[in-house]
Amino acid sequence: MLDKVKELIGDVKAFNASTKEEVEIFRIKYLGGKGLLKELFAEFKNVDAQLKKDLGQALNTLRNAAEGKVTELNASLENNQSQKSFYGDLTRPSEPINLGSRHPISLVKNQIIEVFNKVGFTVSEGPEIEDDWHNFTALNLPSHHPARDMQDTFFIEQDPDILLRTHTSSVQVRYMEENQPPIRTISPGRVFRNEDISARAHCIFHQVEGLYIDTDVSFADLKQTLLYFTKEMFGKSKIRLRPSYFPFTEPSAEVDIYWGLETETDYRITKGTGWLEIMGCGMVDPNVLKNANIDPVKYSGYAFGMGIERIAMLLYQIPDIRMFYENDKRFLEQFKSVI
Ligand code: DAH
């Protein structure tokens, strides 16, 4: 029996394993409830007294060797494993990359910029916190002019001179102050109005302003540019200009496009007329040119302004303006495929 135990000690010392399962099988074989050591210790009771000392020592050595082996192998396999997870499985297929999407306001803004870039308009920007001069007075809206009420204004800290711009027309004035004609520029940006929030209106929204100043610019030039824009943007080539009033243009007009009456939605959004208003425009009032130090005898020009949200709502059939600002991922993810 002593020889057998010595042989087992040799086996245990020589044992190696490459998985934790192999170590467990080994542990059960030697140290388990019905394992070899249990068996051997049971036999040990019946051994002659003079053999007991050597055999007892050998059995203890065997047990210690088996226990030591299990601890050693488990520890080294654990180490291996943590090394593996550090690098990961390099053959594993990669995780799908979660791509973001552009906000529909940015998409439409970029589209408008692109359309006007093609016919020579550059992009200009101005501050969102404006002074009275650029937002109102220079645009032919002196103080107490009744048309100021057309746009409810947010003032900054009770100072009637500093406000959040109510329209991007303020950038017209800034651009003319800095640049001499010929001028062709569009100015996209955020505007603010003290209005109740509803499905159709918000107190913060976006506009694009357009300005074209040169010698001999006529209303026909304006109309042709608008026609080009509506064709490129909406694929619609029927527009009409309705006489209107803006203090900074004379004459002024509102631009409608013929949207059609093909679907129920067309009926609803055009109120059964087939026509949709998309922007305001007109010939820059000579007073505005004068205010920005441009000679109104030598130069004339046109201007227009449109709301980006309104155009995005039409293009993507978005029923409620508030959806643009809620940042609901389910809404935003629908624009993933649009570049
Ligand atoms: N500023 C106007 C608004 O916010 C829009 C506008 C109308 C801009 C006519 C213009 C224009 O440049 O000529 O309602």
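We're numbering straight along the sequence, starting at 1. Computed from a predicted model, the values in this text were never measured in an experiment.
By the 4.5 Å heavy-atom criterion applied to side chains, Phe41 and Arg63 are counted as neighbours. The side-chain heavy atoms of Phe155 and Ile162, taken from C-beta on, include no pair separated by under 4.5 Å. Counting heavy atoms from C-beta outward, Tyr299 and Met176 have side chains that stay 4.5 Å or more apart. The closest side-chain heavy-atom distance from Met306 to Ile278 is not below 4.5 Å. Under the 4.5 Å side-chain criterion, counting only non-hydrogen atoms from C-beta, Thr122 is not in contact with Arg184. Between Arg102 and Lys336, the closest side-chain pair of non-hydrogen atoms is not below 4.5 Å. Two residues are said to be in side-chain contact when any heavy atoms from C-beta on lie closer than 4.5 Å; Arg268 and Thr265 meet this criterion. Here the side chains of Leu241 and Lys223 are in contact, with some heavy-atom distance below 4.5 Å.
Residue Tyr175 is grouped with residue Val173 when hydrophobic side chains (ILVMFWY) are merged at heavy-atom distances under 4.5 angstrom, including chains of intermediate members. Hydrophobic clustering places Leu226 together with Val119 (ILVMFWY residues linked when any side-chain heavy atoms are closer than 4.5 Å, directly or through intermediates). Both Val255 and Phe116 belong to a common hydrophobic cluster when Ile, Leu, Val, Met, Phe, Trp and Tyr are linked at side-chain heavy-atom distances under 4.5 angstrom. Transitive grouping of hydrophobic side chains (ILVMFWY, heavy atoms separated by less than 4.5 Å) brings Leu51 and Leu37 into a common cluster. Connection of Val23 to Leu8 is established within a shared hydrophobic cluster, with ILVMFWY side chains joined at heavy-atom distances below 4.5 Å, either directly or through further cluster members.
The environment of Glu114 atom CD is sparse: at most 12 non-hydrogen atoms of other residues, nucleotides or ligands sit within 6.0 angstrom. Counted within 6.0 Å of CG on Asp196, heavy atoms from surrounding residues, nucleotides or ligands total 12 or fewer; the atom is thus considered open. Around the OH atom of Tyr267, the shell of radius 6.0 Å holds no more than 12 heavy atoms that belong to other residues, nucleotides or ligands. Counted within 6.0 Å of CZ on Arg242, heavy atoms from surrounding residues, nucleotides or ligands total more than 12; the atom is thus considered enclosed. Around CD of Glu22, the count of heavy atoms belonging to other residues, nucleotides or ligands within 6.0 Å exceeds 12.
Asn74 places no side-chain N or O within donor-acceptor distance of the main-chain N or O of Thr71, the cut-off being under 3.5 Å. No side-chain donor-acceptor contact under 3.5 Å links Glu7 to the backbone of Asp3. Side-chain N or O atoms of Tyr228 include one that pairs as donor or acceptor with a backbone N or O of Val115 at under 3.5 Å. The backbone N or O of Ile204 sits less than 3.5 Å from a side-chain atom of Tyr325, completing a donor-acceptor pair.
Among residue pairs with one or both ends in residues 34-53, none qualify as side-chain hydrogen bond (donor to acceptor under 3.5 Å, both in side chains); sequence neighbours excluded.
Electrostatic pairing of Asp256 and Arg240 counts as a salt bridge here, judged by a charged N lying under 4.0 Å from a carboxylate O. Using a cutoff of 4.0 Å between basic side-chain nitrogens and carboxylate oxygens, Glu24 and Arg27 are scored as salt-bridged. Between Arg310 and Glu277 no salt bridge is recorded (no basic side-chain N to carboxylate O distance below 4.0 Å).
In this structure, Phe304 has its ring center no closer than 6.0 Å to that of Tyr212.
Ring-plane geometry between Phe331 and Phe324 is classed as perpendicular, the angle between the planes exceeding 60 degrees on a 0 to 90 degree scale with a lower cut at 30. The aromatic rings of Tyr302 and Phe121 sit tilted relative to each other, their planes meeting at an angle between 30° and 60°. The aromatic rings of Phe234 and Trp259 sit perpendicular to each other, their planes meeting at more than 60°, with 30° as the lower class boundary.
In this structure, Lys13 NZ and Leu62 CG are separated by 10.0 Å, a value rounded to the nearest 0.5 Å. The distance from atom CD1 of Ile112 to atom CD of Gln207, rounded to the nearest 0.5 Å, is 11.0 Å. With rounding to the nearest 0.5 Å, the separation of CG in Leu261 from CD1 in Ile269 is 10.0 Å. Atoms CD1 and CG, on Ile213 and Leu289 in that order, are 5.0 Å from each other to the nearest 0.5 Å. To the nearest 0.5 Å, atoms CD (Glu309) and CD1 (Ile321) are separated by 5.0 Å. Atom CD1 in Ile257 sits 9.0 Å away from atom CD1 in Ile239 (nearest 0.5 Å).
Between Leu40 and Lys4, the closest heavy-atom pair is CD2-NZ, 4.4 Å. Scanning both residues, Ile183 and Ile294, for their nearest heavy atoms gives CD1-CD1, 4.1 Å. Between Leu211 and Val284, the closest heavy-atom pair is CD1-CG2, 3.8 Å. In this structure, Cys281 and Thr249 approach most closely via the heavy-atom pair O-OG1, 3.9 Å. Contact record, Leu332 with Ser101: O-OG, 3.1 Å, taken as the closest heavy-atom pair. The two residues Gly305 and Glu209 make their nearest non-hydrogen contact at CA-OE1, 3.9 Å.
Between the side chains of His134 and Gln172, not a single donor N or O lies within less than 3.5 Å of an accepting N or O. Under the 3.5 Å distance criterion, with hydrogens and angles disregarded, a donor-acceptor pair is assigned to the side chains of Ser124 and Thr185. Judged purely by distance below 3.5 Å, without hydrogens or angles, the side chains of Thr61 and Asn64 never pair a donor atom with an acceptor atom. In summary, the side chains of Thr153 and Thr166 do not present any donor paired with an acceptor at a separation below 3.5 Å, with no hydrogens or angles considered.
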Might you work through the ring pair (Phe, Tyr, Trp, His ring centres under 6.0 Å) test for His167 and Phe246, ending with a clear yes or no? CA-CA 12 Å; His167 52 185; Phe246 298 103; 9.4 Å; no

Determine whether Leu73 and Phe15 satisfy the following criterion, side-chain contact (heavy atoms from CB on, under 4.5 Å), listing intermediate values before the conclusion. CA-CA 10 Å; Leu73 285 175; Phe15 178 75; 3.5 Å; yes

Run the side-chain contact (heavy atoms from CB on, under 4.5 Å) test on Lys69 and Tyr30 for me, step by step, so that the C-alpha distance in whole Å, both residues' side-chain angles and the decisive distance to 0.1 Å come before the verdict. CA-CA 11 Å; Lys69 198 72 182 184; Tyr30 284 93; over 6 Å; no

Step by step, would you call Gln111 with Met233 a side-chain contact (heavy atoms from CB on, under 4.5 Å)? CA-CA 8 Å; Gln111 239 173 309; Met233 199 70 195; 3.7 Å; yes

Assess whether side-chain contact (heavy atoms from CB on, under 4.5 Å) is satisfied between Cys203 and Phe192, documenting all intermediate values. CA-CA 6 Å; Cys203 56; Phe192 309 83; over 6 Å; no

